[in-house]
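Since the structure comes first, as structure tokens, the remarks are kept for the end.
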Amino acid sequence: MTTHVHTSLRHPLVFRTLEVQRVETLTPHMRRVVFGGDELRGFVSAAPDDHVKLFFPNSRGEIVRPAIGPDGPIHAPGVDYSPMRDYTPRRHDAGANELTIDFVLHGDGPAASWAAQAAPAQTIGAGGPRGSMLVADDFDTYAMFGDETALPAIGRWLEDLPAGKRAEVFVEIPERADRQALTSRAELRLAWLERDGAEAAASTRLEQALAHWAAPPGETFHWIAAESARARRMRQALVERGVRKDGVKATGYWKAEG
């Protein structure tokens, strides 16, 4: 079997203020926000599943970021810091100086609440990406298993894949109306798995799809992104099938409460 070499890149940590340029409702549970501003210049995102840390207005409507020391963020006592969450850069257009972020609308958390009311000229803070993991490009097939929080990374990855590759994609979404138009130059097989009212953390639709799926001939890279416990279980299922370490990446994009 081929030894596949993945490449890790480190980027200088840069904090930016981003300004909303325009907003679009993609589906009932996904809102797209396109950011710009002078501070976006020089932004780098090298991998489809990179993440930036976004800083949202605090209780006073201000963006207050922690200072960065040699061991990481420094939080002074008594300071009302901005809530922060990790998000995937869905698209970066350096020529237009625009960064697109897709937000899942899933309740009243600081990110979803902000995205639901986002409008042009509003600003938020951003930091990173700190690094990128470039998956080897010599696999025959790229299999992706993710819930709606993984859709920005999946959509970007599909757009990046060249002709001559295969993509086997399974996406769990809240309902049929949350399907998006995903395109790729690669040979694409796409399955939408609708929860139709089931709780995202308790659903097993992705796990069932993985259990009944067989990789096509050739070598396959498996990418998983979902609720943390579910992502771990799916990774373990692949390990038990004999999938090698360099053939899988599983990430918890969020964690169920309790």
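Just so you know, these numbers use all the heavy atoms, side chains as well, and skip hydrogens, waters and symmetry mates.
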Residues which pass side chain to side chain donor-acceptor pair (under 3.5 Å) with R189, listed by chain and number, not counting sequence neighbours: E168
D49/W157 under side-chain hydrogen bond (donor to acceptor under 3.5 Å, both in side chains): CA gap, chis, key distance, verdict: CA-CA 8 Å; D49 58 350; W157 203 338; over 6 Å; no
Pair K165 + D140: basic N to acidic O under 4.0 Å: no
Lys/Arg-Asp/Glu bridge criterion (N-O < 4.0 Å) met for E194, R205: no
Minimum heavy-atom distance M30-P152, with the two atoms named: CE-CD, 4.4 Å
Polar side-chain atom of T88 near backbone of R90 as donor-acceptor pair, under 3.5 Å: no
H4 ring center within less than 6.0 Å of F221 ring center: no
Option from Y142, W213, F139 for which ring-ring contact (aromatic ring centres under 6.0 Å, His included) with H222 holds: W213
Between S59 and D80: side-chain donor-acceptor atoms closer than 3.5 Å: yes
Heavy-atom donor-acceptor pair, R235 side chain to A250 backbone, under 3.5 Å: no
Derivation of the side-chain hydrogen bond (donor to acceptor under 3.5 Å, both in side chains) call for T141 and R166: CA-CA 5 Å; T141 299; R166 287 190 299 268; 2.9 Å; yes
Between CZ on residue R10 and CZ on residue R130, distance to nearest 0.5 Å: 5.0 Å
Derivation of the side-chain contact (heavy atoms from CB on, under 4.5 Å) call for L54 and F103: CA-CA 11 Å; L54 300 182; F103 293 83; 3.8 Å; yes
H92/F35 aromatic ring centres below 6.0 Å: no
side-chain hydrogen bond (donor to acceptor under 3.5 Å, both in side chains) assessment of S45 paired with R156: CA-CA 11 Å; S45 176; R156 180 175 166 183; 2.8 Å; yes
N-O pairing of R22 and E98 below 4.0 Å: yes
Donor-acceptor side-chain pairing of D50 and S132 below 3.5 angstrom: yes
Ring centre gap for W192 and F170 strictly below 6.0 Å: no
Within the 6.0 Å centroid threshold, strictly below: H51 and Y87: no
Electrostatic pair E172-R195, nearest N-O below 4.0 angstrom: yes
